Visitor: 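One structure, as structure tokens, below. Some questions next.
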Amino acid sequence: MYEHILVPLDGSRNSKQALEEAISLAKKFDSKLSLLTVINNTNFYYGAGAAGMPPSMYDDQKKMADKILNDAKKYVDEQGVSYETSADIGNPKNIIAHIYPDQHGIDLIVIGKSGVDALNRLLIGSTTAYVVRCQGQFKNVGFRQKEM
């Protein structure tokens with residue numbers, strides 16, 4: 001039913017729960033996972049003559065993206081599921097909802113209900129909400145905090 005499942009990861013608890021759900025689906029349908037993290041370059045001011053994201057800031061975000069993917073790879077390896085990884089740079093909403101699925105033949109997106117970017121979510125809406133609006137046929141995975 002699903003041959004290729006996209007799992008956007010940002011290091012949040014919700015994205016880790018989405019990964020668990022995606023692994024379960026991949027085992028059920030013998031699917032391949034695409035583990036994707038996006039270095040968000042839309043939060044930086046581009047003034048006159050600005051060259052974009054400062055190199056030191058990019059380096060820090062690249063290290064964080066690599067850690068997120070490496071942690072996910074270890075977990076997926078333990079589960080015996082086929083996967084590929086990608087760290088892209090750009091607008092997470094656009095990459096997750098349009099660019100990556102179109103370029104990689106994605107059948108299903110399994111995404112956590114919210115991630116780590118609270119300021120953007122408050123100002124312009126969550127990446128998850130955008131992906132669901134644009135790609136309604138994909139699965140939105142939402143989780144509630146477990147009550148203690």
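Nothing here was measured: the structure is a model prediction, and the numbers come from that model. Along the sequence shown, residues are numbered consecutively beginning with 1.
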Visitor: So do the side chains of S34 and I106 get within less than 4.5 Å of each other, counting heavy atoms only?
Guide: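 Yes, close enough: below the 4.5 Å cut-off.
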
Visitor: Who passes side chain to side chain donor-acceptor pair (under 3.5 Å) against D66, sequence neighbours left out?
Guide: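 With neighbours one apart ignored, the set is K62.
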
Visitor: With I99 as reference, evaluate D88, V38, N94 under the side-chain contact (heavy atoms from CB on, under 4.5 Å) test and give the passing residue.
Guide: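 Between I99 and the candidates, side-chain contact (heavy atoms from CB on, under 4.5 Å) is satisfied uniquely by N94.
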
Visitor: Quick check: does any side chain N or O of D107 sit under 3.5 Å from a backbone N or O of H4, one acting as donor and the other as acceptor?
Guide: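 Yes.
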
Visitor: In Å and rounded to the nearest 0.5 Å, what is the CG to CE distance from L69 to M64?
Guide: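 These two atoms lie 12.0 Å from each other.
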
Visitor: How many angstroms lie between atom CG of L19 and atom CD1 of I5, to the nearest 0.5 angstrom?
Guide: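 Atom-to-atom, L19:CG and I5:CD1 are 10.5 Å apart.
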
Visitor: Looking just at side-chain N and O atoms, do S12 and N14 make a donor-acceptor pair shorter than 3.5 Å?
Guide: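 No.
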
Visitor: Mind checking whether V76 and L35 have side chains closer than 4.5 Å, heavy atoms only?
Guide: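 Counting from C-beta outward, V76 and L35 do come under 4.5 Å.
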
Visitor: Evaluate the side-chain proximity of L6 to H104: yes if any heavy-atom separation is below 4.5 Å, no if none is.
Guide: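 Not touching, per the 4.5 Å side-chain cut-off.
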
Visitor: Sort and list the pairs that fulfil ring pair (Phe, Tyr, Trp, His ring centres under 6.0 Å) and have at least one residue in residues 59-91, not counting sequence neighbours.
Guide: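 Checked against ring pair (Phe, Tyr, Trp, His ring centres under 6.0 Å) - neighbours excluded - no pair reaches residues 59-91.
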
Visitor: So P8 and T37, do their side chains get closer than 4.5 Å, heavy atoms only?
Guide: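 Of all side-chain heavy-atom pairs linking P8 with T37, none is under 4.5 Å.
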
Visitor: Ignoring hydrogens and angles, tell me if any N or O in the side chain of N41 forms a donor-acceptor pair with the backbone of I89 under 3.5 Å.
Guide: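 No, N41 side chain to I89 backbone: no donor-acceptor pair under 3.5 Å.
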
Visitor: Check the pair K67 / D71 against salt bridge (Lys or Arg N to Asp or Glu O under 4.0 Å), numbers first and verdict last.
Guide: CA-CA 6 Å; K67 181 182 180 340; D71 290 348; 2.7 Å; yes

Visitor: Show the atom names and distances, to 0.1 Å, of all donor-acceptor pairs under 3.5 Å that link a side chain in residues 23-32 to residues at least two apart or in another chain.
Guide:
{"unit_1": "K27", "atom_1": "NZ", "unit_2": "Q79", "atom_2": "OE1", "d": "2.9"}
{"unit_1": "S31", "atom_1": "OG", "unit_2": "Y2", "atom_2": "O", "d": "2.2"}
{"unit_1": "K32", "atom_1": "NZ", "unit_2": "E84", "atom_2": "OE1", "d": "3.0"}

Visitor: Do the side chains of N40 and N91 get nearer than 4.5 Å, heavy atoms only?
Guide: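 Heavy-atom side-chain distance check fails, nothing below 4.5 Å.
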
Visitor: Any chance you could measure I39, atom CD1, to D10, atom CG, to the nearest 0.5 Å?
Guide: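 Taking CD1 in I39 and CG in D10, the distance rounds to 13.0 Å.
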
Visitor: If you look at every heavy atom in A22 and V7, which pair is closest and at what distance?
Guide: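 In terms of heavy atoms, the two residues are closest at CB-CG2, 3.3 Å.
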
Visitor: What is the minimum heavy-atom distance between A65 and A87, and which atoms define it?
Guide: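 Closest pair (atom of A65, atom of A87, distance): CB-CB, 4.4 Å.
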
Visitor: What's the separation between atom CG in D102 and atom CD1 in I95, rounded to the nearest 0.5 Å?
Guide: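 Here the rounded value is 12.5 Å.
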
